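A, B, ... follow the sequence lines: proteins, then strands. Residue 1 opens every chain. Please read these numbers as outputs of a predicted model, since none were measured by experiment.
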Amino acid sequence: MEKKIAQAIQSYFTSHYQITVPEAQLALQETKKEFEGDLTFVLFPFLKATAKKPEDLGNELGNYLVANVPGISSFNIVKGFLNLVLANNYWNELLKDFYTNGIPQPTQGQGKKVMVEYSSPNTNKPLHLGHLRNNFLGYSIAEILKACGYDVVKANLVNDRGIHICKSMIAYQKEGKGETPQSAGLKGDHLVGKYYVLFDAAYRKEIKALMEEGKTEDEAKKKAPIMLAAQDMLLRWETGDPETIKLWKTMNGWVYEGFNETYTTIGVDFDKMYYESDTYLLGKTTVEQGLKAGVFFKKEDGSVWIDLTAEGLDQKLVLRGDGTSVYITQDMGTADLKYDEFKMDRSIYVVGNEQDYHFVVLKHILKKLGRPYADGIYHLSYGMVDLPSGRMKSREGTVVDADDLVHEMITTAEARTRELGKIEDFSSEEANKLYRMLGLGALKYFLLKVDPKKSMLFNPEESVEFQGNTGPFIQYTHARIAAILRKATQLKVLPSAADIPVDYAVHEAERNVLTLLKDFPVKTEEAAETYSPALVANYVYALAKEFNRMYNELPIIGHNTATEQAYRLILCTLTKRTIRQAMLFVGIEVPEKM
RNA sequence: GGCAUCGUAGUUCAAUGGAUAGAAUAGGAGUUUCCUAAACUCUAGAUGCAGGUUCGAUUCCUGCCGGAGCCA
């Protein structure tokens, strides 16, 4: 419809004023609620070229559109805004079409492959709130892209080696006494995290002691015996020392068990796992290629650099003088590895905004190296989750643990549900499933409704809401609709499209819901293009809100005509379906009853 | 110091350069013999400061102030 109108406006300007208006300038917007109409065209930009007053131009154009575009019944002009009113038959045909054929889905991704890399944890400590934002974002964007027709590969690059892992290992060797997750009664990732903390405590104690002996802080940090032991262990790991490798495998095994449990609980998964222990040596041959091609240059000390000053950046190290890798060396290698296997058109890295600079550099390098996939790289850079006191700091014990938080959310959901006492007929299994659904729904919605690019605040003192603009509000609306449809089934009054006459006088509340349903594919497409699940989250909230308004204002079953009843039941079905779909895009399940 | 980023009701979040800046929550007042009150209705409350571009700026540009970040 919007397209038809835009085309009509375009041809009007061409034929009456000999002006060619680019399509981009012909965007119609939805009419604000306080004005009469459905679609609005802004006249201001065209006043100069036509030498008309807004009133006159609006009248001419309005009359032309009413006469030439079927489906527009009338118009009005407020200041420079031309508001178009769509006819009942337009709305009714739309409803019937949606009901028989479904609401269309975007298709821009058909035939294209995209990789979404997300999660990418370190195996030295458990996941925290920031990781949850990452995981939910990655999973959600993958779902949204799938819905647009993309072939999506979800990847996870696990940082399973390096000095941080050795720290946990050293502390375990010193103080572990053969402890296991079973003997300690701890999830594996938490057990390993415990030793990481122990390392840090011992390390700081040693630094303090050395400083009291008169060493500077820098010296003390370098000379602390426990740190030297960790560095030594890293070397032994690299040479493949059997004992070290054995311990490493054991402890990483514990961590993976713990992570998998968390992943299962929060409902995320991966198609392809990468491990840094396999990939950390990659990229060195790329450096050689780059040197030959003149993309990189070598300094006297043998270190290899790229000069990006022409791009407004600076010089960046890509290989150390002793021939060891830096992060970006590995990333170059891994990028090749991924592309060789999947040949994807686009590659999305879900990584925090602290690495913005890193990814700008990586993309520049890959472009200069002439990699065919370089343009398809996109860094989905998201903001940190901050606490009222500022950034989460493990050292200060202010890290919000992912498992703890998820558990707390589920417990809260249970308490709230029991208070309301609406599910007495549920088995305990069904009830537990619902608590998980609601607790995770609240948490995921809380994290995803915010624009990913922005940093956001989490206050541990206040629990995540279950009322208002929240996941459970939307889940509730779904359950409410399900209840209505159950009743309709019982009464055998389920409608068919044939029950709706094309001239049915659409009620305003009905039209508002239908307008939002019509927006679903548009919003999905926009969310995919801007990599923002927040658009879907805010959309589905608006839909639920609008449905509840209608529910409150208009009776659905009974107390109305058969046509009204059929019309509203169809709206119920469509709304329920759309809520479910949209919520799945943000990784949230919805209940039939709550 | 350089680079990039953010600043909107008490608080947490919205707003392709468009109309009277939307929600939620906290505050105040209401709605249940009828489809789920985790809902609905009403009320009060905000664009850091100073310029500029524009018919029109929360949005674009410049400077300042303030917060968190990356690079040395």
Side-chain angles (χ1 to χ4, degrees), chain A residues 24-25 27-29 31-35 37 40-48 54 77-81 83 308 311-317 352-361 381 383-384 386 388 390-391 413 416-417 419-423 438 441-442 445-446 448-451 453-459 462 464-488 490-491 493 522 526 529-530 534-535 537-539 541-542 544-545 547-560 565 568-569 572 591-594:
Chain A
Q25 278 184 36
L28 292 157
Q29 43 194 282
T31 304
K32 294 221 166 193
K33 277 218 170 125
E34 55 267 42
F35 300 99
T40 294
F41 182 68
V42 184
L43 299 166
F44 291 114
F46 307 96
L47 299 181
K48 251 187 204 165
I77 301 151
V78 182
K79 296 186 203 169
F81 300 92
N83 300 321
L308 292 170
E311 281 78 11
L313 305 169
D314 48 21
Q315 296 188 349
K316 178 85 185 170
L317 178 73
N353 63 10
E354 51 201 349
Q355 295 197 39
D356 283 356
Y357 188 75
H358 175 84
F359 278 100
V360 171
V361 171
S381 160
M384 299 291 107
D386 291 327
R391 214 176 160 169
R416 184 91 184 100
T417 306
E419 264 171 48
L420 293 172
K422 293 183 189 172
I423 57 158
L438 296 179
Y445 188 85
F446 173 80
L448 288 177
K449 75 171 174 181
V450 181
D451 181 345
K453 290 196 289 293
K454 294 193 177 177
S455 59
M456 60 180 295
L457 195 114
F458 173 79
N459 187 351
E462 298 165 11
V464 174
E465 302 273 352
F466 282 70
Q467 280 172 11
N469 186 355
T470 66
F473 166 80
I474 299 160
Q475 290 169 316
Y476 167 77
T477 307
H478 183 269
R480 188 182 231 186
I481 298 173
I484 300 169
L485 293 174
R486 275 196 298 271
K487 191 176 171 187
Q490 248 173 37
L491 297 173
V493 291
V522 183
E526 204 183 331
E529 270 163 19
T530 59
L535 295 180
N538 288 315
Y539 163 78
Y541 170 70
K545 183 97 188 143
F547 178 85
N548 279 318
R549 260 196 260 270
M550 178 181 92
Y551 175 90
N552 222 262
E553 196 179 328
L554 305 172
I556 292 169
I557 296 177
H559 308 279
N560 53 13
Q565 179 170 287
R568 290 166 197 169
L569 282 172
C572 282
E592 293 296 312
K593 189 175 174 188
M594 68 184 267

Roughly how many Å apart are B/rA9 and B/rU41, using the P atom of each and rounding to a whole number?
24 Å
Which of the following nucleotides, B/rA19, B/rG18, B/rA23, is nearest to the side chain of A/Lys79?
B/rA19
P atoms of B/rG18 and B/rA57, separation to the nearest Å:
11 Å
Say you pick atom C1' in B/rG51 and the same atom in B/rG69; how far apart are they, in whole Å?
28 Å
Output the single nucleotide from B/rA37, B/rC35, B/rA24 whose closest atom is nearest the side chain of A/Tyr476.
B/rA37
Per atom distances to the A/Lys487 side chain, the nearest of B/rU25, B/rA14, B/rC35 is B/rC35
Under 4.0 Å: is that the gap between some side-chain N or O of A/Lys545 and OP1 or OP2 of B/rC40?
yes
Between A/Tyr476 and A/Asn548, is any side-chain donor less than 3.5 angstrom from a side-chain acceptor?
no
Protein-nucleotide distance (A/Gln29, atom CD; B/rG17, atom C1'), rounded to Å
10 Å
When you measure only distances, ignoring hydrogens and angles, does the side chain of A/Thr470 come within 3.5 Å of the base of B/rA38 through a donor and an acceptor?
no
Counting distance alone, no hydrogens or angles: does the base of B/rA37 have a donor or acceptor under 3.5 Å from a partner atom on the side chain of A/Asn548?
no
Whole Å only: how far is the CE atom of A/Met550 from the P atom of B/rC35?
16 Å
For B/rG63 versus B/rU5, give the span between their P atoms, rounded off to a whole number of Å.
13 Å
Rounded to whole Å, NE2 of A/His478 lies from P of B/rA38 at a distance of 17 Å
Any side-chain N or O of A/Lys593 below 4.0 angstrom from OP1/OP2 of B/rU36?
no
Starting the side chain at C-beta, find the nucleotide from B/rA39, B/rA19, B/rG69 nearest to A/Phe35.
B/rA19
Look at the side chain of A/Ala27 and decide which nucleotide, out of B/rU16, B/rC35, B/rG18, has an atom nearest to it.
B/rU16
A/Lys32 has an atom NZ; how far is it from atom C1' of B/rG56, in whole Å?
13 Å
When the P atoms of B/rG66 and B/rA26 are compared, how many Å lie between them, rounded to an integer?
35 Å
Figure out the CD/P separation between A/Gln355 and B/rC70, and round it to whole Å.
10 Å
Identity of whatever pairs with B/rC3 - Watson-Crick or G-U, under 3.5 angstrom
B/rG69
Decide, yes or no, whether a salt bridge links A/Arg480 with A/Glu592 under the criterion of side-chain N to carboxylate O below 4.0 Å.
no
Specify the residue among A/Glu354 and A/Gly558 whose closest nucleotide of RNA chain B lies further upstream toward the 5′ end.
A/Gly558
Whole-Å distance between B/rG69 P and A/Met456 CE?
17 Å
Atom pair SG (A/Cys572) and CD1 (A/Ile481), whose distance is rounded to the nearest 0.5 Å
5.5 Å
Can you tell me which nucleotide in B/rA23, B/rA39, B/rA19 comes closest to the side chain of A/Asn552?
B/rA39
Between A/Arg416 and A/Phe466, is there a donor-acceptor pair closer than 3.5 Å when you use the side chain of the first and the backbone of the second?
no
Stacking here means centres under 5.5 Å and planes under 30°; does A/Phe473 stack on B/rA39?
no
note: A/Arg480, atom CZ; B/rU36, atom C1'; distance rounded to Å ~ 6 Å
Above 12 or not: heavy atoms from other molecules or residues under 6.0 Å from NZ of A/Lys593?
yes
Among the nucleotides B/rU20, B/rG69, B/rC35, which one has an atom lying closest to any side-chain atom of A/Arg391?
B/rG69
Any strand: nucleotide that pairs with B/rA29 via Watson-Crick or wobble, under 3.5 Å:
B/rU41
Provide the distance between the two C1' atoms, one in B/rC6 and one in B/rA68, to the nearest whole Å.
8 Å
Would you mind classifying the nucleic acid contact of A/Met594 as base, sugar-phosphate or nothing, using non-hydrogen atoms under 4.0 angstrom?
base
Could you tell me the separation between the CG atom of A/Leu43 and the OG1 atom of A/Thr40, rounded to the nearest 0.5 Å?
10.0 Å
Closest to the A/Asp451 side chain, choosing from B/rC35, B/rA14, B/rC13:
B/rA14
Where the side chain of A/Lys454 is concerned, which of B/rA14, B/rA38, B/rC35 is the nearest nucleotide?
B/rA14
For A/Asp386 and A/Met456, indicate whether the former's side chain and the latter's backbone hold a donor-acceptor pair under 3.5 Å.
no
From the candidates B/rA38, B/rU25, B/rU36, the one with an atom nearest any side-chain atom of A/Ile484 is B/rU36
Using the P atom on both, measure B/rA14 against B/rA29 and round to a whole Å.
31 Å
How far does the C1' atom of B/rG10 sit from the matching atom of B/rU16, given to the nearest Å?
31 Å
Apply the test ring pair (Phe, Tyr, Trp, His ring centres under 6.0 Å) to residues A/Tyr541 and A/Phe473: give CA-CA distance (whole Å), side-chain angles for both, the deciding distance (0.1 Å), then the verdict.
CA-CA 8 Å; A/Tyr541 170 70; A/Phe473 166 80; 5.4 Å; yes
Counting distance alone, no hydrogens or angles: does the base of B/rA38 have a donor or acceptor under 3.5 Å from a partner atom on the side chain of A/Thr417?
yes
Starting from P on B/rG69, measure out to CG on A/Leu457 and report it in whole angstrom.
14 Å
Kindly state whether the pair A/Phe44 / B/rG18 counts as stacked, where counting means centroids closer than 5.5 Å and planes tilted less than 30° apart.
yes
